[in-house]
Colleague: 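Structure provided below as structure tokens; questions to follow.
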Amino acid sequence: MSDEREPTAAEILEWRRDGVFLPDGKATPEEFPSLKNMSAGFLFNGVLRPLEPAPPEYVALPMARSDMELVGAVGQWNMLWESAQFRRRFFDMDDLPKPMAKIADLGDVNVTFVPRTRARYFEYAPLFHLLPKRVLDMFGLPLLRGGQWPFMADWAGIDDFLPTDFEARLAHAWAWTVWPHLMSGSKMKAFSADDPIRLLAHNLDFWVPAVTATIQDRLRDFPEVDKGKTPSPVTLEDESVLAGAIAGNPRMGGPVWFGEDDAQDAVVETVDAADRTGQLRGILDAVRSHRVEDDFSSQWSYAREDFERKLHGKRRKVTVKLVELTDTIPVQGPESEVLGNLVTNDFLALMDARNQQIVVLLNSGMTKKTEIAEVLGYANHSAISKRLAQIRRTAEVYFDGT
């Protein structure tokens with residue numbers, strides 16, 4: 001473009017579009033999807049590393065592309081991801097743009113800033129950039145250029161090029177991708193639309209902390225930029241020492257993941273990280289232990305078959321096996337059940353662990369509520385009385401239907 005004329009609106013739009021979309025032929029499995037990081041070493045000679053980084057959070061700010069002061073400050077702030085809750089200490093509070101200063105004034109908080117947009121693309125970008133081309137095509141999502149973490153700048157105005165239902169499409173695409181790691185062997189459509197695990201798979205906000213943890217875990221394996229720093233205590237302007245932090249060299253930047261295989265590994269790591277950030281395994285176990293028929297659709301699945309087998313399967317009468325353990329309560333054998341047409345193994349499967357223990361103790365000859373309360377560690381028998389009422393209600397429903 002010569003200096004003789006200003007670019008037309010159409011030319012500007014084309015440049016912006018080119019900055020957003022990846023040509024179809026370049027989305028090869030070897031190079032797509034991808035996410036990269038830019039080292040803080042480009043702007044900073046050192047970083048502060050907290051000994052115990054606070055969990056990262058995302059804060060969305062109104063951010064016009066023309067507001068260069070805010071855009072520049074956000075980019076510098078976000079580059080210091082290693083400094084976590086201590087990054088505000090790199091800035092003069094009076095020089096920070098007002099929206100950032102309000103957050104920094106809260107104290108040592110680990111915040112990454114992103115633009116507030118209709119599609120919420122920048123909040124969910126790490127999840128989006130784990131999806132291979134075939135998944136994007138399947139759910140009608142655009143083929144975007146590689147992602148950047150943390151957010152640095154939005155020069156192209158990407159929100160203008162995304163579908164109005166981008167967030168919903170991404171939720172479906174992410175759920176389809178992560179589902180095999182949550183319910184192996186049973187397809188998502190075998191469960192009702194309001195099944196708890198299905199809802200969890202679609203909840204992008206649940207997965208953002210986990211994918212952020214995965215990104216940071218990977219980046220912490222990157223080598224450091226040699227800025228001549230050695231790990232040392234951090235001395236503040238008043239000559240006091242900043243507790244819980246050490247100074248050091250910033251890490252190098254580069255690809256966080258690159259290509260389908262690497263991205264798939266990152267998906268697995270994200271599922272594992274969800275245990276730390278959202279107690280994923282505990283949620284899955286709780287849901288599976290309290291399944292009801294309405295959780296399933298009309299389609300067959302291994303999960304439904306297993307549920308129905310436990311609920312309606314043929315009941316075999318077997319003697320209860322109790323094993324005495326030192327300083328603990330009797331334990332029921334895995335294939336045992338209570339005789340006398342009182343309780344079956346399938347019935348026990350409908351109750352939580354505490355109620356199962358109460359049934360086993362009753363069957364072993366312990367009939368006083370105070371004795372059961374003492375064995376289970378309750379201060380009095382009140383809790384046992386409530387649980388016995390729960391067991392009676394469960395038994396009435398269960399045996400009335402058999």
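Residues: numbered from 1 along the sequence shown. None of the values given here were measured: they were computed from a predicted structure.
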Colleague: Using a 3.5 Å distance criterion without hydrogens, assess whether the side chain of S83 forms a donor-acceptor pair with backbone atoms of L48.
Modeller: yes
Colleague: Measure from the ring center of F151 to the ring center of F113 and say whether it is less than 6.0 Å.
Modeller: no
Colleague: Verify, without hydrogens or angle tests, whether W15 (side chain) and A156 (backbone) share a donor-acceptor contact under 3.5 angstrom.
Modeller: no
Colleague: Would you say that E57 contacts V109 through its side chain, given a criterion of any heavy-atom pair below 4.5 Å between the two side chains?
Modeller: no
Colleague: Which salt bridge (Lys or Arg N to Asp or Glu O under 4.0 Å) pairs, counting each pair once, include a residue from residues 146-158, with sequence neighbours left out?
Modeller: none
Colleague: Which heavy atom of F86 sits nearest a heavy atom of P50, and at what distance?
Modeller: CE1-CB, 3.5 Å
Colleague: Determine, step by step, whether K133 and T28 satisfy the side chain to side chain contact (heavy atoms under 4.5 Å, CB included) criterion, reporting the C-alpha distance in whole Å, the side-chain angles of both residues, the deciding distance to 0.1 Å, and the verdict.
Modeller: CA-CA 8 Å; K133 182 180 182 301; T28 63; over 6 Å; no
Colleague: Kindly indicate whether the side chain of L130, heavy atoms from C-beta on, has any atom under 4.5 Å from the side chain of T177.
Modeller: no
Colleague: Can you find a pair of side-chain heavy atoms, one from V74 and one from N78, that are under 4.5 Å apart?
Modeller: yes
Colleague: Before we go on, tell me: are the rings of F206 and W174 under 6.0 Å apart, centre to centre?
Modeller: no
Colleague: Could you name each residue pair satisfying salt bridge (Lys or Arg N to Asp or Glu O under 4.0 Å) that touches residues 61-71, not counting sequence neighbours?
Modeller: none
Colleague: Determine whether a donor-acceptor pair (N or O, by modelled atom type, separation under 3.5 Å) exists between the side chain of N110 and the backbone of A54.
Modeller: yes
Colleague: Taking all non-hydrogen atoms of both residues into account, name the closest pair between G157 and F161 and its distance.
Modeller: O-CD1, 3.6 Å
Colleague: Does R118 use its side chain to pair, donor to acceptor, with the backbone of L162 at less than 3.5 Å?
Modeller: yes
Colleague: Taking side-chain contact (heavy atoms from CB on, under 4.5 Å) as the test, write out the residues that go with S34, two or more places apart.
Modeller: F258
Colleague: Could you tell me which residues satisfy salt bridge (Lys or Arg N to Asp or Glu O under 4.0 Å) with E224, sequence neighbours excluded, listed by chain and number?
Modeller: R49
Colleague: Taking salt bridge (Lys or Arg N to Asp or Glu O under 4.0 Å) as the test, write out the residues that go with R145, two or more places apart.
Modeller: D18
Colleague: With sequence neighbours left out, write down each residue that passes side-chain contact (heavy atoms from CB on, under 4.5 Å) with D105, or none if nothing qualifies.
Modeller: M93
Colleague: Kindly give the heavy-atom pair with the smallest separation between T112 and P150, and that separation in Å.
Modeller: CG2-CB, 4.0 Å
Colleague: Q85 side chain to E52 main-chain N or O, any donor-acceptor pair under 3.5 Å?
Modeller: yes
Colleague: List the residues meeting side-chain contact (heavy atoms from CB on, under 4.5 Å) with R120, not counting sequence neighbours, and say none if there are none.
Modeller: E123, Y124, E167, D205
Colleague: Answer whether the closest heavy-atom distance between the side chains of F44 and P250 falls below 4.5 Å.
Modeller: no
Colleague: Look up atom CH2 in W176 and atom NZ in K187, then write down how far apart they are to the nearest 0.5 Å.
Modeller: 10.0 Å
Colleague: Under the criterion side chain to side chain contact (heavy atoms under 4.5 Å, CB included), I'd like the reasoning laid out for V268 against D272: C-alpha separation, chi angles, the key distance, then a yes or no.
Modeller: CA-CA 6 Å; V268 175; D272 291 339; 4.1 Å; yes
Colleague: Just so I know, are the side chains of P163 and R169 near enough to count as touching, which here means a heavy-atom distance under 4.5 Å?
Modeller: yes
Colleague: Can you check whether F91 reaches L80 side chain to side chain, under 4.5 Å on heavy atoms?
Modeller: yes
Colleague: I need the minimum non-hydrogen distance between A201 and W179, along with the two atoms involved.
Modeller: CB-CE3, 4.1 Å
Colleague: Closer than 3.5 angstrom, by distance alone: can the side chain of N249 be matched with the main-chain N or O of D226 as a donor-acceptor pair?
Modeller: no
Colleague: For the CD atom of E82 and the CG atom of L219, what is their distance to the nearest 0.5 Å?
Modeller: 8.0 Å
Colleague: Look at the aromatic rings of F166 and F128 and report parallel, tilted or perpendicular, splitting at 30° and 60°.
Modeller: tilted
Colleague: For D275, give me all partners under salt bridge (Lys or Arg N to Asp or Glu O under 4.0 Å), at least two apart in sequence or on another chain.
Modeller: R281
Colleague: I need the L96 CG to K102 NZ distance, nearest 0.5 Å.
Modeller: 13.5 Å
Colleague: Salt bridge (charged side-chain N to carboxylate O under 4.0 Å, His left out), that's the test. Do R218 and E269 meet it? Break it down for me.
Modeller: CA-CA 10 Å; R218 287 188 165 212; E269 293 165 26; 2.9 Å; yes
Colleague: So, the side chain of S240 versus the backbone of L236: is there a donor-acceptor pair under 3.5 Å, distance only?
Modeller: no
Colleague: Atom CZ in R87, atom CD in Q76: separation rounded to 0.5 Å?
Modeller: 12.5 Å
Colleague: Does a salt bridge link E260 with R134, judged by any charged N lying under 4.0 Å from a carboxylate O?
Modeller: yes
Colleague: How long is the gap from CG on L61 to NZ on K98, to the nearest 0.5 Å?
Modeller: 14.0 Å
Colleague: In terms of relative ring orientation, are Y121 and H129 parallel, tilted or perpendicular, with 30° and 60° separating the classes?
Modeller: perpendicular
Colleague: Got a second to check how far T270's OG1 is from L127's CG, nearest 0.5 Å?
Modeller: 7.5 Å
Colleague: Within a reach of under 6.0 Å around NZ of K227, are more than 12 heavy atoms found that belong to other residues, nucleotides or ligands?
Modeller: yes
Colleague: Among all residues two or more places apart in sequence or in another chain, which pass the side-chain hydrogen bond (donor to acceptor under 3.5 Å, both in side chains) test with D108?
Modeller: R88, R89
Colleague: Identify, with sequence neighbours excluded, every residue that meets salt bridge (Lys or Arg N to Asp or Glu O under 4.0 Å) alongside R116.
Modeller: none
Colleague: Would you say the side chain of T212 lies within less than 4.5 Å of the side chain of T277, judging by non-hydrogen atoms?
Modeller: no
Colleague: Run the side chain to side chain contact (heavy atoms under 4.5 Å, CB included) test on L170 and L131 for me, step by step, so that the C-alpha distance in whole Å, both residues' side-chain angles and the decisive distance to 0.1 Å come before the verdict.
Modeller: CA-CA 9 Å; L170 177 57; L131 305 179; 3.7 Å; yes
Colleague: Would you please test W257 and I215 for side chain to side chain contact (heavy atoms under 4.5 Å, CB included) and show each step?
Modeller: CA-CA 9 Å; W257 55 75; I215 292 169; 3.7 Å; yes
Colleague: State, yes or no, whether a side-chain contact exists between F32 and K26 at a heavy-atom distance under 4.5 Å.
Modeller: no
Colleague: If you compare all heavy atoms of L136 against all heavy atoms of P142, which two are closest, and at what distance to 0.1 Å?
Modeller: CD1-O, 3.7 Å
Colleague: Taking side-chain hydrogen bond (donor to acceptor under 3.5 Å, both in side chains) as the test, write out the residues that go with D217, two or more places apart.
Modeller: R276
Colleague: Anything under 3.5 Å between a donor and an acceptor, one on a side chain of residues 35-42, the other on a protein residue two or more places apart or in another chain? List them.
Modeller:
residue : atom : partner : partner atom : Å
N37     : ND2  : W149    : O            : 3.0
S39     : OG   : G41     : N            : 2.9
S39     : OG   : R251    : O            : 2.6

Colleague: Taking all atoms of both residues into account, what is the closest heavy-atom pair of I246 and P231, and its distance?
Modeller: CD1-CB, 4.4 Å
Colleague: I'd like to know if the side chain of W207 reaches the main chain of L200, judged simply by a donor and an acceptor atom lying under 3.5 Å from each other, with no hydrogens or angles considered.
Modeller: yes
